[in-house]
Every structure is written in C-alpha cells, then in structure tokens.
Amino acid sequence: MQDLALDAQTSPLDFLDLHTTGKIHYNLPPAELVEHALARNEGSLTSTGALMADTGKFTGRSPKDRYIVKDAKTADSVWWGDINIPFEEEKFDQLLEKMKQFLADKDLFVRDAYAGADPEYRLNIRVVNTWAWHNLFCNNMFLRPSAEELENFENDFTIICAPGFQADPEVDGTKSSNFAILNLSKRMILIGGTGYAGEMKKGIFSVLNYLLPHEHQTLSMHCSANVGKDDDTAIFFGLSGTGKTTLSADPNRSLIGDDEHGWTENGVFNFEGGCYAKVIDLTREKEPEIWDAIKFGSIVENTRFKAGSREVDFTNKSVTENTRTAYPINFIPNAKEPSIAPVPKNIFFLTADAFGVIPPISRLNKSQAMYHFISGYTAKVAGTEMGITEPKLTFSACFGAAFLPLHPTAYATLFGEKMEKYQTNVWLINTGWTGGPYGVGSRMKLSYTRAMITAALEGKLDSVEFKSHRYFGFDVPQTCPEVPSEVLNPRKTWKNPEDYDLQASKLAKSFIENFKQFEDYASEDILKGAPNF
C-alpha cells in the first residue's frame with residue numbers, strides 16, 4: 001500500500017519508539033510482498049505461482065523456548081509449568097531494547113491485521129517483520145481489514161519477528177538463542193532466532209486462549225468447524241492423524257475455519273483469515289481444495305522442486321515432514337465469509353485409537369465430554385514418528401495443550417456450561433483401528449466414519465437404541481444408516497472378546513493415570529466422566 005521513508009511524519013512504529021534508517025514497507029499487497037521476497041532471495045516461484053520459502057534451522061515450533069512474562073496480571077492466572085514457562089519483566093524490557101537496536105538499520109515490513117471474525121471479540125494486530133515472506137504469511141493467516149477499517153486502525157497487540165536476531169542466554173534469560181515471548185500486560189510478542197512462521201500464528205492463538213476465557217467468558221478452541229445449509233454448525237476436535245481436516249472438508253457444508261475458533265453467546269467465529277495446512281504427500285485426489293489453493297499469493301514452506309522443474313515435489317521430506325502451505329481462506333471455494341456461524345449443534349472429538357478399543361461413534365454426556373476434552377486422546381502408530389515401533393498413547397489437554405495459558409479445567413468447565421446451555425451433542429469418533437489393535441485389526445473405513453458423522457448431523461441417531469460402554473460408560477448406538485451394526489461394537493469385531501476386555505481395561509487405566517495431573521483442579525462434575533471399569 002505504501003512505503004514510508006524514515007522522516008515520514010506518522011510512522012507506524014512511533015508507538016514503539018522504533019526508528020530505522022531502512023525503509024518501512026507498510027501494508028503492502030501480496031504481489032508487492034512477493035516481488036520483495038524474490039528480490040531479497042527469500043524464496044522462489046513455483047509452477048502454480050505460489051511462493052516457496054524456507055524457514056531455516058527451525059521447521060516447526062520450539063515449545064521449550066516459548067515463554068510468558070510473569071507479572072501482576074499473569075502470576076495467579078497462568079498455568080505455569082513446562083508449557084507456560086515464566087519470563088522476567090525486566091528481561092523482557094531488556095530484550096525488547098536489544099531487538100529495537102538490531103532493527104535500527106533494517107528494512108521492515110509492517111502489517112495491520114486482526115484476529116477474530118466476530119467484531120465484538122476482535123484483536124487488532126500490528127506485525128513487524130524483517131522478512132517479506134513472513135509479512136505475506138501474516139496477510140494470509142490473519143484477517144485482512146478493509147481500506148476503511150485501516151483508516152481508523154488502533155493497534156491492540158504487537159508482534160515483532162526478527163529471525164536474524166539471536167538472544168544471548170546468559171544475559172537475556174532465555175534457554176537458547178531463539179525465543180518466542182508473550183507479554184500479556186504490554187500486549188506484545190517478541191520472536192527471534194527462528195524463521196518458522198507458525199510461531200506468529202500460534203503466538204496470537206495463545207493470547208486469545210488467555211484473553212477470551214479469562215476476560216470474556218468466551219471459549220477458545222483448537223478445532224475446525226463447518227456449517228450446513230440449515231445453519232447447523234459442527235465442530236471437529238482432533239490431534240494430528242485423526243482426520244480433522246479431511247472430515248471437516250465437506251462439499252455439502254461451508255468451511256468456517258480449519259484450526260482456531262471461539263464460542264460466544266451468539267455463535268462460533270474463526271480467529272483466522274487463512275489456512276495453514278500440511279502438504280507432505282499432498283495430491284489433488286486426496287485434498288483437492290488444498291491442492292487448488294496453492295496458487296499465486298499462497299506460500300509453501302520447506303518444500304522442494306521436482307528435478308529440472310518448478311513443480312513442487314510434495315513427497316520430498318529432505319527438509320522436514322512438516323512441509324506446509326499458507327493461503328487466504330477465500331482460496332477455498334466453499335469457505336464462509338465472514339467466518340461466523342450459529343452455536344454448534346454437534347461437536348466431534350476425533351481419535352485414531354490404535355488399540356482398537358474405542359467404538360467408532362459414541363455419545364458423551366456433559367461429564368464425559370469435559371473429561372475427554374481435557375484428556376485429548378489419540379494414539380500414534382509405527383511410522384508416524386521416528387522411534388515409534390508400536391502404538392503410543394498421546395494425550396493433549398483440550399486437543400491443544402501447547403497453546404493453553406490457563407489450566408485445562410478452565411476451558412473444560414466453560415465447554416461443559418455451553419454444551420449444557422445450548423443442548424449441544426458431543427460425539428467421540430474413532431477413526432483408528434477395529435477388529436484388534438494396530439498390526440492385527442484394520443483401519444476404520446472412511447466411508448463408515450463419514451456415514452456416522454452424517455447420521456449424527458442429520459439427527460438420524462436421535463431415536464436409535466444406545467448401550468453403555470462397559471469400560472468408558474459412554475453411550476454407543478446399536479444401529480446407524482449405511483454402517484454394519486457389528487462395526488459399531490468393537491468387542492464383537494475382535495477374534496477373541498477376552499483380549500478386547502484386557503486391552504480396554506488397560507486403556508481405561510491409562511486415561512485415569514494421565515488425568516491425575518488435573519485432579520486437584522477438576523470439579524466432581526468433571527471427575528464423574530472418568531472410565532468406570
């Protein structure tokens with residue numbers, strides 16, 4: 001939109017007392033940011049027009065180097081520990097000054113954007129980048145103000161991201177030279193030493209995970225969401241490998257968003273203006289919407305070209321398996337804009353249970369929903385990560401523990417209250433194994449999973465018979481359209497039912513063992529949702 005010289009009368013960085021002898025590129029449109037990125041050798045154009053860029057040494061988030069400033073505002077409200085590592089106020093101020101000195105001779109890319117499609121809960125953001133492609137990432141991932149909105153833009157939160165700035169751990173109070181530090185009082189995020197763009201996106205998500213529940217009684221959620229023609233909103237929670245992206249992408253329903261949402265008294269809204277999707281082994285057949293969205297204006301991270309061409313080789317894992325694309329949500333044909341919909345009628349917890357215990361679909365009561373929300377269970381199988389040779393239990397509180405500044409029970413309690421108030425159905429869906437554990441049984445057919453979700457959405461399970469699961473207590477439907485009845489009861493799919501009982505008892509005990517870390521904060525209502533074997 002405009003380049004500002006140093007002596008401009010109104011610099012967008014005056015509020016920081018940040019002055020640079022370089023140029024300030026302010027709110028540039030995507031085409032200009034791509035031009036700058038190419039001129040600065042930050043990336044290359046692919047055959048589809050997307051910009052390919054590398055994130056450098058870090059190809060993912062660095063959770064052990066992410067901090068929250070501990071001060072009067074946060075001391076008694078943040079859930080301190082391995083996830084939320086405290087950082088001293090004085091060290092933050094010192095690091096900010098050092099970063100400003102580092103930026104004093106740099107060309108800077110500054111962008112105004114916002115998070116939160118619902119204007120009542122919107123967070124205005126000003127981002128300061130040293131890389132042009134990072135600024136394009138922010139254009140794609142955050143919501144884009146109109147020209148009229150930019151005229152009266154007032155900044156609520158600031159991100160300063162300088163991958164070239166290295167902290168001195170002995171002096172600056174960090175563990176490493178890289179860092180991401182949230183200051184909720186000064187309303188700033190400092191990121192240095194890492195080029196992984198997702199740190200900016202997840203930094204703002206963490207901020208909203210603090211502000212919305214703590215100050216506005218609005219539930220923040222790490223989930224995807226879509227809505228049908230009858231305004232029937234559905235939410236999908238699930239860790240990596242559970243099918244969250246695939247199952248929420250429905251040609252008969254509009255996509256609200258693929259990752260971050262809030263639940264207010266009025267409905268559900270997307271925090272973001274774009275999608276940040278994994279692209280390892282991407283094909284048009286598997287994910288046509290994502291494939292077609294990778295065009296001019298989009299970014300692909302840490303990918304490589306096929307030999308002698310500008311065509312992306314999505315099978316190439318030479319840099320990382322965490323290859324990604326970032327694009328505006330309107331690059332998806334069935335995306336809903338603005339990304340707001342009514343309160344959800346159905347919520348799906350997705351798990352890929354590699355032990356073959358969890359039924360393919362179960363209905364949870366309020367206590368069970370809160371308990372399983374906090375548990376955030378799935379199981380990784382051999383081949384998904386280095387060193388995994390047999391199924392491995394994975395629990396991530398609220399399906400996003402890494403981004404929760406508050407204790408998980410705070411989110412779960414709010415979840416339960418909203419579920420009860422709006423009479424929302426909560427379903428546990430197992431997209432994992434049936435007929436035995438991984439290596440013995442087989443993966444649940446996608447067609448069956450889709451049929452079960454469709455039946456739940458259309459109310460076709462409301463009047464069928466349910467039976468209580470012996471070990472977990474949730475209600476299991478005995479019939480479902482287009483799904484064989486024996487599939488619905490996992491014990492019947494095992495060759496030896498006694499083996500199922502042993503495995504189910506073992507898994508239930510694992511849930512209880514994992515939940516011990518939350519018991520001191522959990523209400524009786526939540527604890528009632530535990531397995532009852």
Side-chain angles (χ1 to χ4, degrees), residues 79 81-83 222-223 237-244 347-381 388 390-402 404 407-413 415-416 419 426-434 436-438 441 444 466-476 489-491 494 497-533:
W79 178 38
D82 292 339
I83 292 171
H222 191 208
C223 65
F237 289 94
L239 302 178
S240 179
T242 59
K244 182 177 65 157
I347 292 175
F348 299 94
F349 294 166
L350 306 177
T351 182
D353 175 30
F355 299 96
V357 168
I358 304 294
I361 183 168
S362 310
R363 186 177 61 195
L364 310 186
N365 61 32
K366 178 188 172 185
S367 293
Q368 293 163 348
M370 290 189 290
Y371 187 93
H372 283 269
F373 185 57
I374 292 176
S375 297
Y377 164 70
T378 193
K380 294 178 180 177
V381 298
I388 296 180
E390 58 184 34
K392 180 182 177 182
L393 291 160
T394 300
F395 295 99
S396 182
C398 308
F399 300 93
L404 305 182
H407 193 278
T409 55
Y411 305 94
T413 301
F415 181 92
M419 173 188 172
V426 176
W427 307 89
L428 179 61
I429 303 288
N430 178 18
T431 62
W433 274 255
T434 183
Y438 172 80
M444 184 65 60
F466 285 80
K467 287 186 178 179
S468 178
H469 190 272
R470 175 178 171 185
Y471 296 92
F472 285 88
F474 32 60
D475 291 335
V476 181
N489 296 281
R491 190 173 188 268
W494 282 52
E498 286 75 24
D499 288 344
Y500 173 85
D501 292 337
L502 288 172
Q503 190 77 283
S505 177
K506 184 178 177 181
L507 182 61
K509 289 175 182 176
S510 298
F511 268 80
I512 290 170
E513 186 63 30
N514 171 71
F515 208 86
K516 286 180 179 178
Q517 62 185 304
F518 309 118
E519 283 179 348
D520 291 345
Y521 294 86
S523 66
E524 283 300 315
D525 203 11
I526 294 173
L527 293 173
K528 283 193 300 185
N532 55 2
F533 65 99

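The basis for the numbers below is simple: all heavy atoms, side chains too, and nothing from hydrogens, waters or symmetry mates. Positions are given from 1, in the same order as the sequence printed here.
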Counting C-beta onward and ignoring hydrogens, is there a side-chain heavy-atom pair between His469 and Pro359 closer than 4.5 Å?
yes
Does the side chain of Phe395 come within less than 4.5 Å of Ser375's, by heavy atoms?
yes
Quick check: does any side chain N or O of [X] sit under 3.5 Å from a backbone N or O of [Y], one acting as donor and the other as acceptor?
X      : Y      : result
Asp353 : Phe355 : yes
Trp494 : Asp501 : no
Thr409 : Ala522 : no
Ser396 : Ala401 : yes
Gln503 : Tyr500 : no
Ser367 : Asp525 : yes

Shortest non-hydrogen contact from [X] to [Y]?
X      : Y      : answer
Tyr411 : Cys398 : CB-SG, 3.9 Å
Phe472 : Gln368 : O-NE2, 3.9 Å
Gly356 : Pro490 : O-CB, 3.9 Å
Ala369 : Val426 : CB-CG1, 4.0 Å
Gly473 : Ser468 : O-OG, 3.2 Å

Listed once per pair and sorted, the side-chain hydrogen bond (donor to acceptor under 3.5 Å, both in side chains) pairs that draw on residues 504-513, sequence neighbours left out:
Glu513-Lys516
Looking only at the aromatic ring of each residue, does the gap between the centers of Tyr371 and Phe515 stay below 6.0 angstrom?
yes
Check the pair Tyr377, Leu507 against side chain to side chain contact (heavy atoms under 4.5 Å, CB included), reporting the backbone distance first and the verdict last.
CA-CA 11 Å; Tyr377 164 70; Leu507 182 61; 3.8 Å; yes
Can you tell which of Phe518, Phe399, Tyr521 makes a side chain to side chain contact (heavy atoms under 4.5 Å, CB included) with Ile374?
Phe518
Please test Leu404 against Ile83 for side chain to side chain contact (heavy atoms under 4.5 Å, CB included), starting from the C-alpha separation and ending with a verdict.
CA-CA 8 Å; Leu404 305 182; Ile83 292 171; 5.8 Å; no
Mind telling me whether Phe415 and Phe349 have parallel, tilted or perpendicular rings, with 30° and 60° as the class edges?
tilted
Measure up the Phe474 and His372 rings against each other and bin them: parallel (under 30°), tilted (30 to 60°), perpendicular (over 60°).
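Tilted, since the angle between the ring planes falls between 30° and 60°.
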Hey, mind stepping through Leu350 and Thr378 against side chain to side chain contact (heavy atoms under 4.5 Å, CB included) and telling me if it holds?
CA-CA 8 Å; Leu350 306 177; Thr378 193; over 6 Å; no
Given Met419 and Ile347, is the side chain to side chain contact (heavy atoms under 4.5 Å, CB included) satisfied, shown in steps?
CA-CA 9 Å; Met419 173 188 172; Ile347 292 175; over 6 Å; no
Residues in side-chain contact (heavy atoms from CB on, under 4.5 Å) contact with Thr434, at least two apart in sequence or another chain
Ser442, Met444, Thr493
Rounded to the nearest 0.5 Å, how far does CG of Asn532 lie from OH of Tyr471?
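Atom-to-atom, Tyr471:OH and Asn532:CG are 11.0 Å apart.
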Working to the nearest 0.5 Å, report the span between CD1 of Ile512 and CG of Leu527.
10.5 Å
With sequence neighbours left out, what residues match Lys244 under salt bridge (charged side-chain N to carboxylate O under 4.0 Å, His left out)?
Asp259
Glu524, CD: over 12 other non-hydrogen atoms inside 6.0 angstrom
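Count not over threshold, so no.
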State whether a side-chain donor-acceptor pair under 3.5 Å links Thr351 with Asn430.
no
